[in-house]
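In listed order, ligands and their atoms are each counted from 1.
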Amino acid sequence: MNKIRKLSSDIIAKIAAGEVIERPAYAVKELIENAIDAHATAITIHVEESGLRKIQIIDNGEGMSREDLEISFLPHTTSKISDDDELMGIKTLGFRGEALSSIASISNLSIQSRIKKNASGTVVEIRQGRVAHIGSIGMPPGTIVTVDELFSPVPARKKFLKTQKTEFRFITEIILHFALAYPTIHFLLTHNDKTIFDLPVKKDEHQRLSLIFGEDILPDLLPLSFSDSYITLSGHIGKPQTASKNNQRQFLFVNNRAVSDKLISLAIKESFGTLLPSSSSPVFRLHLSLPHEVVDVNVHPRKETVSFTNARMVFDLVKQAVTETLMKNNITYHVDTFVSLKKGETTSVSAQYLKENVLPWNRGDIGQILQTTSFLQIHQTYILAVTKEGILLLDQHAAHERILFQQFTKAFLDEKSGPTSGGKQKNTYTLPKPLTFSFSESEKQLLEEHKNLFEDTGFLFENFGENTFILRNIPSLFKGRNMKKIIRDMLSDLEDQRGIKAIDITSQRMLAFLSCRAAVKANDVLTEKQMGTIVKDLEKSENNSTCPHGRPTRMILPLELIHKYFNRM
Ligand code: ADP
Ligand code: MG
């Protein structure tokens, strides 16, 4: 009897579907899900040209009989749910019966499959949705799905793809998610015949964790485990110092399905309380297991989110588990750069006046009107100086950022235009002690994707095998700063701006990131000499009234206004 059936139109209507394979990584995801649903214990993924030329997934799972194989790639055929099933309580990763048919319609698809009890397998070849060949084939039990020339019938879709390197990174990330969720499955990935990673089933999960997080972070991960009759939580929470600017290193699995969930992220963030500044996101990998009946997986076309029947309870339990983990580990880290800059509207006369009249967007050379060479730091955030016209206030971070942006841009352009690397010598600083980095797979790929940008701005990385890199040179302006943190932050910034293709905007953003990372921060104590340099250098920079992100760098409180306030005029 066939296992695979076509769903009725009733149930099809209930499925949150319309699965569109928009990028090679989504095809890889669907195919791996099928292998896992077939209880494979080893899954090999061969990719060529970031999946556009070839994606091949080989598994040692249950396989399909000839009858099943013949209908598996038709729309809405599945062995995983049936017409009487409620869509709540789905235990398999797939259930819509759509993936193979979607992939078949936009590629040349070949499926070979053999169930154990048969001596040989069956192969079916589909060309743009139509069967071109069916026959017998000798093969071990399991399934081999080969997707050739993805998107060739719909070339327009290729326009929306990122660079091949980026598309390949998406594929890697998806596979690593599976690798974390399924420690008992052997995963092997190759790209253009080169092995990217081989993850045999080992007792310790070290290898998988280091590919996901990067070796350097592992010592700062706290193990978490919690369970009651309703829910089981396990995984790792990063200590506060590992937190990053974005949520790229938050890995959540609900019943072994990689998903994202704003509420759970928030629960974890809240557990950190004041241990983290409001702008940063904790690092975690968290596995939640709870009864399938209370999780609705039929809410997102790519199954990337789920909804819980009792979301509040899940929120509370996660928060409790993370809080306990942090307490147990006696986390006493103090974030020294923490500052909460509230954009408090003030109703004072001076503020109103300033807003309307004298924001010095285009004020001339302040250096000329400086009346003093002494500077005062206010709340370790602002620099105060006296000018002929009144009091000058600078936001130390915004101002320094603008200065560095100008310098970086100049160095960058010099290098681009100059035939020799004369500029490089000047702006690059060779570290007396090179720094070693153990990157996660994704960080490594980001670095390679943006290799030119890093080099053009004065970084020199050397690959030392696998994911280990040695940082030899840095831009001179970074001398003396915490490079480990800066590099990681820059990589996560780069990851954030996935959408951007145009090299110029990317470079510009990179320069803005560089400046932001290198600039003094609020709460950095400055010497008077440093303050003087910032005030003067800002005057020499173009567009100096805002930082590269558009925040004001300075304001002047005019003497007139001060006189007015004291009723002197
Ligand atoms: P779904 O996974 O939602 O059921 P798919 O289109 O991905 O839909 O697959 C259709 C059917 O083909 C599956 O229900 C399953 O029975 C069968 N199938 C697909 N891939 C495999 C595989 N690797 N091993 C065994 N059976 C598979
Ligand atoms: Mg499927």
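- Two rings, from Phe213 and Phe251, have their centers less than 6.0 Å apart.
- Protein N/O/S atoms found under 2.8 Å from the Mg ion (ligand 2), listed by chain and residue number: Asn34 OD1.
- Protein residues with any heavy atom under 4.0 Å from ligand 1: Ile4, Asn34, Ala35, Ala38, Asp59, Gly63, Met64, Ser72, Thr77, Thr78, Ser79, Lys80, Gly94, Phe95, Arg96, Gly97, Glu98, Ala99, Leu100, Thr143.
- Tested against Ile21, the residues Ile103, Val154, Val147 include a single side-chain contact (heavy atoms from CB on, under 4.5 Å) partner, Ile103.
- Between Glu173 and Lys29, no side-chain nitrogen of the basic residue sits less than 4.0 Å from a carboxylate oxygen of the acidic one, so the salt-bridge criterion is not met.
- Remark: Lys165 does not engage Glu448 in a salt bridge, criterion side-chain N to carboxylate O under 4.0 Å.
- Other residues, nucleotides and ligands place more than 12 heavy atoms under 6.0 Å from the NZ atom of Lys484.
- Glu449 has no carboxylate O lying under 4.0 Å from a charged side-chain N of Lys162, or vice versa, which leaves the two without a salt bridge.
- The minimum heavy-atom distance linking Arg114 with Pro140 is given by the pair NH1-CA, 3.7 Å.
- In this view, Phe168 and His191 satisfy the ring pair (Phe, Tyr, Trp, His ring centres under 6.0 Å) rule, not counting sequence neighbours.
- When the salt bridge (charged side-chain N to carboxylate O under 4.0 Å, His left out) test is applied to Glu466, no partner is found at least two apart in sequence or on another chain.
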